[in-house]
Each structure stands twice: as C-alpha cells, then as structure tokens.
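Let me begin by presenting the structure, written as structure tokens, before commenting on it.
All figures in this text were calculated on a predicted structure; none of them were measured in a lab.
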Amino acid sequence: MNQPATPQAPAPQHTQPNRPAQTLIGLALIVPAVIAWVWSYVLPTLSTVARSFQGDGPRGSGESAGTANYEAALTSGFAGQVGFAVLLALIPLAVALLAAPLLAVLADRAGRVARLVTRGVLALPLAAYAPVAVYLGRRAEGIEDGTLTQDLQSPRTFLVSALAQVTFGLVVAVAATLYLSALRRRDPDQRPASAMLTVGGLLGLGVLAAALQTYTAPVILTGGGPRGESTATPVFTAVQTTFRTMRFGVGSATSTLLLVLLGLLGMAAVTLILATRLRIEFDGWRDGPAVREAESFTGRRPLLVGLTAVALVVVLGVTVWASLPWLRNFSADTGPLPKGVETANLFANTWVPPLLSTLVAVTVAALAGFGIGALRPLGRWSELLLVPFAPWLFVGAGPLAIANFERTTEREQLGLFLGLVPPTWLSVPALFAFTLLFRGQHERWRSGGGAGRTLLLPALPMLAVTALPTWLAHAQSPLWSMLVGRGPDSLTAPALVQMIAGRAFGAGGELPLGLVLPLPMLILFVVLFVALMVGYLDRLAVRVGRRGGPDAPPTGAREPAAKVTA
C-alpha cells in the first residue's frame, strides 16, 4: 500500500557554507594577514630585541653587550621620558573622556539634523591633519629677528600647550565619532552606557599609546631640550640615540622597553573588547521603525540644538586658532626649490608610497576580518584569534624604526622610491575594525540575510574609513622618509619643508607650508571624510553584550541545523 508523501519543507532562501568548509575558508583568509604581521611586526620586534643585547658595531657582528644597553637607557632617563609622554597625554585624555562624550550626548539628544551636522563638522579636523606644517608654523611665530621669544624660553610648557592645542580638534573628532556610534539606539529602552564606557576605555588606552610615541612635536618645537632632554619622549630619544650618536644598541633597548609598554596597552584593549563582547553593527541605509522611534525618543529640543552649536563653534574655533600659523603660510611663495627637487617628484614621493602600503595593509586586514568575524572558524571563540595581534594594536613606525631601517639598508633601498614605502603591510587597527564589523553583522547573516546585503555591502565603505586616515597619517609623518631619504630624488614634502625651515628661521623667510598638504589634497580629504561621516558612519552602532532583538538569535547560539526528512 502506498504511503502518503511526506510534505517537504520549503527550501531556505539562504544557504550558508557548512561548518568544515566555513572553518577552512575562514582560516585561509587569515593567512595573508599572518604573513604580513610576521613580516611587518614580529620580525622587526625580534630584531629590535636582539639588537638591544648587542654592541654598537655593525649588525650581526656578534659582540654581546649583555644588559649594558638597558642600563644605559634607564640611566639616561627612560622613566622620565615615559612620565613626560604621560604628561603630554593628560589634556588629550581629558578631551577624549570629558569634552567629546559631552558633545556626543548633546548632538545625539538634539536630533538627527544636529547629529549629522556635528559629524560633518568633525570631519574637518580629521581632513586637515598636517602636524609638520602646524608645528613649523607655530615655531616660526615664536622667532623674532632670529632669536626665540619669551614663549619659547620655557620649552616644556610650550610643547605641552602647543601639542594640546593642535590635537584638540583631532581628538574631539575621533572620540565624538565613536561616542555617537555608541549612543545609536535600536529601541528607546536600550541603554548605551556600557558601550560608552567601553569606547572611553579604548580611547584612553589609545591616547596613552599615541603620547608614548610622540615624535614630530618635540623634534620640531623644542629639539628635546633645552637642558638635557627635558622634553624628550621615548621615540624621540631612541631615534636621536641611534641615528645621531650611532648607539644602535641603546636605541634598540629604549625601543624594546617602549614596545613592552605598548604591548601591555594593546593586550588591555583586546581584553576589554573580548570581555564586553564589543561589536559594530550596520543599521541599514534606511532607518527602520524601531530606530525612528528611538530617534524620536532622543528629542529635538531647541536648547540642546543651541548647546550643540556652541560646542561645535568652540571646537572649530580652537582648531582654526591652533592652525593659524599654518594657514597664514599656506599660500606662501615656495620660491625656487633646492637644486634637483621637482614639484611632481616631491608630490609623488609624499603620497604614492604610503598609498601603496595602505592599500595592501587595509585589504589584507579586511580579508582577515571577514575570516574571523563572519566565517568564525573557531565558533564563539573566534575573536581569540585577535589576541596574537593585540600587542601591536597601538604600535606605530617609531618603535620599529631601527629594525626597519637596518632591513632597508641591507636590501639597498635607501634613497630609492621603494624605500619610501612605509614597511607596514598589515593595519592591525583595521583588522580589529573589520572583525568587529563582521562580528556585528554575523547574526543577521545567520538569520537568513544574504551575504552581499548583510556582510559585503556594509563593509565596503569601511575600506575607505580605515584607508583614508592611514594614508594621510603615513604621508604626514616625517620620521620614515627622513631616515631612508637620500638626496633630492627621495625627498618628501614634510622632510623638504623641515630643511627649508632650518634656513628660514634664521633668515626670517617664509615657509612654503602649503607643500605639506596641498589644497587639492585637502579638499579631497574634506569631501571624502564628510561623505563617510554623514552617509556611512552615522549608520554604524557600537554595541556590547549579547545581541537582542526579535530578528537575531543571541550571540553564541548554535547555528540552525538543516532539516532532514525520512
């Protein structure tokens, strides 16, 4: 007797890869990042540590110095350099932990229009990042008739105040942007306090790490002096010790001690991320009913709108005031450039090499972030794959400059175009950003959303969000280009302007500061940052804890198994 046919379940609209294939693909996508991480961070770190136990002879000579280099580094005032770097961080910390969250709360409570205007305005300090031009302009204002004015007679106070003024707008912009994302609600009952505290913790760690690696400000404003090294920071001391006195061992010891501190800060950051289940969620190009209800909950009060406007005026006012020495010389006549220097070549040296490394570093980070956050090869423990990268989360070019310089020398690339390419082929901050974004979108993908709509499209603008600041920061940093540049063919704009400044300060000439960040590039960055701030970053939400809501299972839940019919 024929049995009635068993009704078949409707075919699912979305089929995800099975777990073994998903695991293999996820791990495979991490491999390029691991290779770039080993080459860009691990090997230079090991080389720095090994060099710190060697004498100051040629590399690989085998002459052991024992702990003498560390004793010299500590005796020369490493603790004091760290203390001064922390002093430099105090005002930026207050801005990041007090002023920026206040501005973010005001903008969020004032309504959508005020929030979007705030994001657009905050894009300006980000786009106008030109520390060499600003510091040179500020120092030029303190020189009259070839001598320092009274403002520069107390270099320690001058450096602290100048650094605080210059970084004020930048710190407010970065911090307020993150706080606004932490304040984005999915429903009126959601409490963003935990996300705000987590963001504040990460910002505090990042500000401390950046202060420890301060180099451009002391080298331009005070030269580390005037008495001894009263305004020296760890990176400044390591570079000066290595390349001026040729004590590579002592400089490497200073860099190693700094790497330990930065590694601890990075591990603290990843611990905070893992403990709070931090993630980044993309709330869609159009707000749904729940988000609109939450927006109406925040209110559109005239008083809050007015307070937000006043706060933005203050931020812009301080930023413009701090940048006035640069802006006054922005259109100064460059005059004849030094012999052999061509404008086109100078422009290419400044912007093309950092663009090459940035594209590779961010692309590799995006692939690894997709492998960890979306494909989740270790299941709920996938974020543990970030732990090996954590010690280098906050490490910039300074602590690894000695090892990278010696590697570039061995490859005979000093003075060449390839030598100007920053030796960083993985952006660890971008790796964390992409992992957290794909982690936030993973639950929606599991719930049946298409991979293109829930994973790929929301992540494409993040390529620009991470690449643009990385490119701009590398192009405006003078350290690497000054170490590897040889002759007029390998000069970059920051290095050239610093050379011209040495003559102009004594002769009273003008500084062509417009070369550092030309007007077309400035306009380009302004347009791109404003577009990203208003059109994309406003859609991102920084959230912590288990993900709730009717459309998504809790984090860590098992993936639904396919139904089998007998």
Side-chain angles (χ1 to χ4, degrees), residues 73 76-93 129-168 170-171 207-208 210-245 250-251 254-255 258 321-326 329 396-399 401 476-479 481-483 494-495 497-508 511 513 516:
S76 65
F78 178 78
Q81 297 154 20
V82 171
F84 181 63
V86 173
L87 175 64
L88 294 177
L90 291 182
I91 295 179
L93 276 174
Y129 178 73
V132 170
V134 174
Y135 292 136
L136 283 175
R138 182 155 294 276
R139 182 170 175 82
E141 285 201 341
I143 294 179
E144 294 178 0
D145 300 325
T147 60
L148 301 180
T149 61
Q150 187 64 33
D151 292 338
L152 289 179
Q153 300 305 316
S154 55
R156 196 177 181 91
T157 302
F158 174 70
L159 179 57
V160 173
S161 62
L163 188 64
Q165 295 163 13
V166 171
T167 60
F168 176 81
L170 179 66
V171 174
V207 169
L208 282 175
L212 288 172
Q213 299 173 88
T214 302
Y215 172 78
T216 305
V219 80
I220 291 178
L221 294 176
T222 64
R227 292 177 299 276
E229 294 186 347
S230 60
T231 57
T233 59
V235 170
F236 176 87
T237 300
V239 172
Q240 297 293 100
T241 301
T242 302
F243 298 102
R244 283 205 170 184
T245 65
V250 179
T254 302
S255 296
L258 177 58
W321 173 62
S323 302
L324 277 178
W326 167 40
N329 291 274
Q476 295 301 305
S477 175
L479 176 57
S481 61
M482 292 184 67
L483 291 180
V497 173
Q498 281 186 264
M499 289 173 52
I500 296 175
R503 300 192 299 266
F505 285 154
L511 295 176
L513 299 182
V516 178

Item checked: Listed partners of S255 passing side chain to side chain contact (heavy atoms under 4.5 Å, CB included), at least two apart -> T48, A238, I402
Next item on the list: Grab the two heavy atoms, one from L479 and one from G398, that are nearest each other, plus how far apart they are.
Entry: CD2-CA, 3.7 Å
Checklist line | side chain to side chain contact (heavy atoms under 4.5 Å, CB included), paired with T233, selected from L88, L258, L212 | finding: L88
Next item on the list: Determine the minimum heavy-atom distance between L163 and A217, stating which atoms define it.
Entry: CD1-CB, 3.9 Å
Next item on the list: Could you pull out the closest heavy-atom pair between R138 and A322, with the gap in Å?
Entry: NH2-O, 3.3 Å
Margin query: Any side-chain to backbone donor/acceptor pair from Q240 onto F236? Under 3.5 Å, distance only.
Written below: no
Notebook entry, point to check: Where do P92 and V171 come nearest, in terms of heavy atoms and distance?
Noted result: O-CG1, 3.7 Å
Checklist line | Backbone N/O of V239 and side chain of T242: donor-acceptor pair under 3.5 Å | finding: no
Next item on the list: Check side-chain hydrogen bond (donor to acceptor under 3.5 Å, both in side chains) between T214 and all other residues, then give those that pass, not counting sequence neighbours.
Entry: none
Checklist line | Check: Q81 side chain, T237 main-chain N or O, donor-acceptor pair, under 3.5 Å | finding: no
Next item on the list: Could I get the full list of side chain to side chain contact (heavy atoms under 4.5 Å, CB included) partners for A89, not counting sequence neighbours?
Entry: L93, V207, L208, A211
Checklist line | From L483 atom CG to F243 atom CZ, the distance as rounded to the nearest 0.5 Å | finding: 4.5 Å
Next item on the list: Could you pull out all residues at least two apart from L87 that satisfy side chain to side chain contact (heavy atoms under 4.5 Å, CB included)?
Entry: F84, L90, R156, V160
Item checked: From L221 atom CG to T216 atom OG1, the distance as rounded to the nearest 0.5 Å -> 9.5 Å
Notebook entry, point to check: Can any side-chain N or O of Q476 pair as donor or acceptor with the backbone N or O of P131 at less than 3.5 Å?
Noted result: no
Next item on the list: Could you tell me which non-hydrogen atom of P234 sits nearest to which non-hydrogen atom of T254, and how far apart they are?
Entry: O-CG2, 3.7 Å
